[in-house]
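Order of appearance sets the numbers: ligands from 1, and atoms from 1 within every ligand.
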Amino acid sequence: MAERLRGKPVADAMKEDITKRVEALKAKGLTPKIGIIRVGANPDDLFYEGGIKKTSEGVGVAFEVFEHGEDIGQEELEKVVRDVGADSSINGILLFAPLPKHLDEKKIRALIPVEKDVDCMTLGGAGKVFADDVTGFPPCTPTACMEILKFYDIPLKGKEITVVGRSMVVGKPMAMLLLREHATVTICHSRTVDLDKVCAAADILVAAVGRAKMIGKDYVKPGQIVIDVGINADPDNPGKYCGDVDYEAVEPIVDQITPVPGGVGSVTTVMLLKHTVIACETQN
Ligand code: NAP
């Protein structure tokens, strides 16, 4: 039976550290603040926003939502992002994406100041991550995976690690963060040949595919460590969600595995606040 790499102990340890850092900032008259820019009311965005609000309150980070209707125009939204960017009381910005089709998202993202880009939404932020410039904030999800690996003392140096998924939000930055730790990284995608064999050859497998339970028993081997980034509607349990890994099939084979729910997702929100606190420390 595999060890469950639960996210909660990781998130709790991080919250303790963040709370201390917030107290130190408050003693200097500074309160770290996250500004969330939301267009429309997508239920997934609202759910994430609710989680950020609750966690922010718990650790003492201030929180403000800039909410706009789906019919907002390009110029108006550009002004919102510029104003939030120029507001010195706001240290970190999260822009919910994708934006409605009539908006030029690339142009709007580019207006977020890189030093406030706490979820890597700008090309400047991504450039820093790919150039190993530690002043850049990688996206919160791959950073959450790295926190989990660190918390559970999983060695990365020289390990063969396969990442399934090459998005700019998870797969690619994940690979960069693993490379920083001297892992040997293979990035897979929808055109990878013999994906199951490539996955099964790895010491550590990171699944960021967006397909419910796709990674089954043929994709893993005994001794392996599996990090499941996926959040999908569970086809077998309506109203519940599941990962990209078929947990029931894989868990008896591997050594360690993150559950879904209760794994990577539970660390991601805390990561956003950690980045916001670091941004506040750096900006001041
Ligand atoms: P995405 O942008 O849709 O990217 C999915 C990646 O998986 C793509 O690179 C795609 O390859 C690859 N892929 C799709 N089908 C495949 C297949 N059959 N075989 C091999 N590769 C395949 O998704 P994402 O935004 O990176 O998110 C990935 C997963 O993480 C989703 O389940 C999402 O809900 C979850 N997520 C979780 C968190 C969290 O906090 N836990 C945060 C963000 C995302 P191509 O590039 O070739 O199309």
Side-chain angles (χ1 to χ4, degrees), residues 4-8 10-11 14 36 42-52 54-55 94-99 105-106 109 118-121 126 129 137-149 151 161-178 185-202 205-216 218-220 226-235 240-247 250 257-275:
R4 282 161 67 94
L5 303 174
R6 291 167 54 242
K8 190 173 181 305
V10 187
M14 286 171 66
I36 295 180
N42 176 315
D44 289 345
D45 293 349
L46 290 174
F47 182 76
Y48 188 28
E49 185 181 297
I52 298 169
K54 194 171 158 220
T55 313
L94 178 71
L95 168 74
F96 278 121
L99 292 169
E105 183 173 317
K106 224 169 153 181
R109 280 174 178 245
V118 287
D119 199 22
C120 202
M121 304 210 69
V129 174
F137 297 105
C140 293
T141 305
T143 325
C145 296
M146 296 304 288
E147 288 278 347
I148 291 173
L149 291 164
F151 182 89
I161 306 186
T162 294
V163 178
V164 191
R166 56 174 165 182
S167 74
M168 281 299 283
V169 188
V170 192
K172 281 182 191 159
M174 183 78 224
M176 292 305 118
L177 296 178
L178 292 166
V185 185
T186 303
I187 308 177
C188 299
H189 46 78
S190 62
R191 269 67 148 208
T192 298
V193 176
D194 292 335
L195 180 66
D196 53 351
K197 291 189 183 66
V198 181
C199 290
L205 175 62
V206 181
V209 195
R211 288 176 179 260
K213 304 183 186 179
M214 191 192 99
I215 305 294
D218 297 337
Y219 292 68
V220 296
V226 178
I227 305 292
D228 188 354
V229 180
I231 302 179
N232 311 289
D234 187 339
K240 299 262 177 342
Y241 65 97
C242 68
D244 292 339
V245 176
D246 183 348
Y247 190 90
V250 164
I257 182 167
T258 58
V260 179
V264 177
S266 38
V267 182
T268 304
T269 310
V270 189
M271 207 64 242
L272 183 73
L273 298 174
K274 181 173 174 181
H275 284 174

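Atoms OG1 and CD, from Thr268 and Glu147 in turn, are 11.0 Å apart once rounded to the nearest 0.5 Å. In this structure, NZ on Lys240 lies 16.0 Å from CG on Asn232, to the nearest 0.5 angstrom. Distance check: Ile36 CD1 to Tyr48 OH gives 8.0 Å after rounding to the nearest 0.5 Å.
Under the salt bridge (Lys or Arg N to Asp or Glu O under 4.0 Å) test applied with Lys213, the options Asp234, Asp228, Asp246 reduce to a single match, Asp234.
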Could you go step by step and tell me if His275 and Thr143 meet the side-chain contact (heavy atoms from CB on, under 4.5 Å) rule? CA-CA 10 Å; His275 284 174; Thr143 325; 3.8 Å; yes
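Looking at Asp119, its side chain never comes within 3.5 Å of a backbone N or O of Met121 through a donor-acceptor pair.
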N/O contact list for ligand 1, threshold under 3.5 Å:
{"residue": "ligand 1", "atom": "7 (O)", "partner": "Val209", "partner atom": "O", "Å": "3.4"}
{"residue": "ligand 1", "atom": "9 (O)", "partner": "Arg166", "partner atom": "N", "Å": "2.8"}
{"residue": "ligand 1", "atom": "11 (O)", "partner": "Ser190", "partner atom": "N", "Å": "3.3"}
{"residue": "ligand 1", "atom": "15 (N)", "partner": "Arg211", "partner atom": "NE", "Å": "2.8"}
{"residue": "ligand 1", "atom": "21 (N)", "partner": "His189", "partner atom": "O", "Å": "3.4"}
{"residue": "ligand 1", "atom": "21 (N)", "partner": "Ser190", "partner atom": "N", "Å": "3.3"}
{"residue": "ligand 1", "atom": "26 (O)", "partner": "Ser167", "partner atom": "OG", "Å": "2.5"}
{"residue": "ligand 1", "atom": "32 (O)", "partner": "Ile231", "partner atom": "N", "Å": "3.1"}
{"residue": "ligand 1", "atom": "32 (O)", "partner": "Asn232", "partner atom": "OD1", "Å": "3.4"}
{"residue": "ligand 1", "atom": "34 (O)", "partner": "Ile231", "partner atom": "O", "Å": "3.1"}
{"residue": "ligand 1", "atom": "40 (O)", "partner": "Thr141", "partner atom": "OG1", "Å": "3.4"}
{"residue": "ligand 1", "atom": "40 (O)", "partner": "Thr268", "partner atom": "OG1", "Å": "2.8"}
{"residue": "ligand 1", "atom": "41 (N)", "partner": "Val229", "partner atom": "O", "Å": "3.3"}
{"residue": "ligand 1", "atom": "46 (O)", "partner": "Arg166", "partner atom": "NE", "Å": "2.7"}
{"residue": "ligand 1", "atom": "47 (O)", "partner": "Arg166", "partner atom": "NE", "Å": "3.3"}
{"residue": "ligand 1", "atom": "47 (O)", "partner": "Arg166", "partner atom": "NH2", "Å": "2.8"}
{"residue": "ligand 1", "atom": "47 (O)", "partner": "Ser190", "partner atom": "N", "Å": "3.1"}
{"residue": "ligand 1", "atom": "47 (O)", "partner": "Ser190", "partner atom": "OG", "Å": "2.5"}

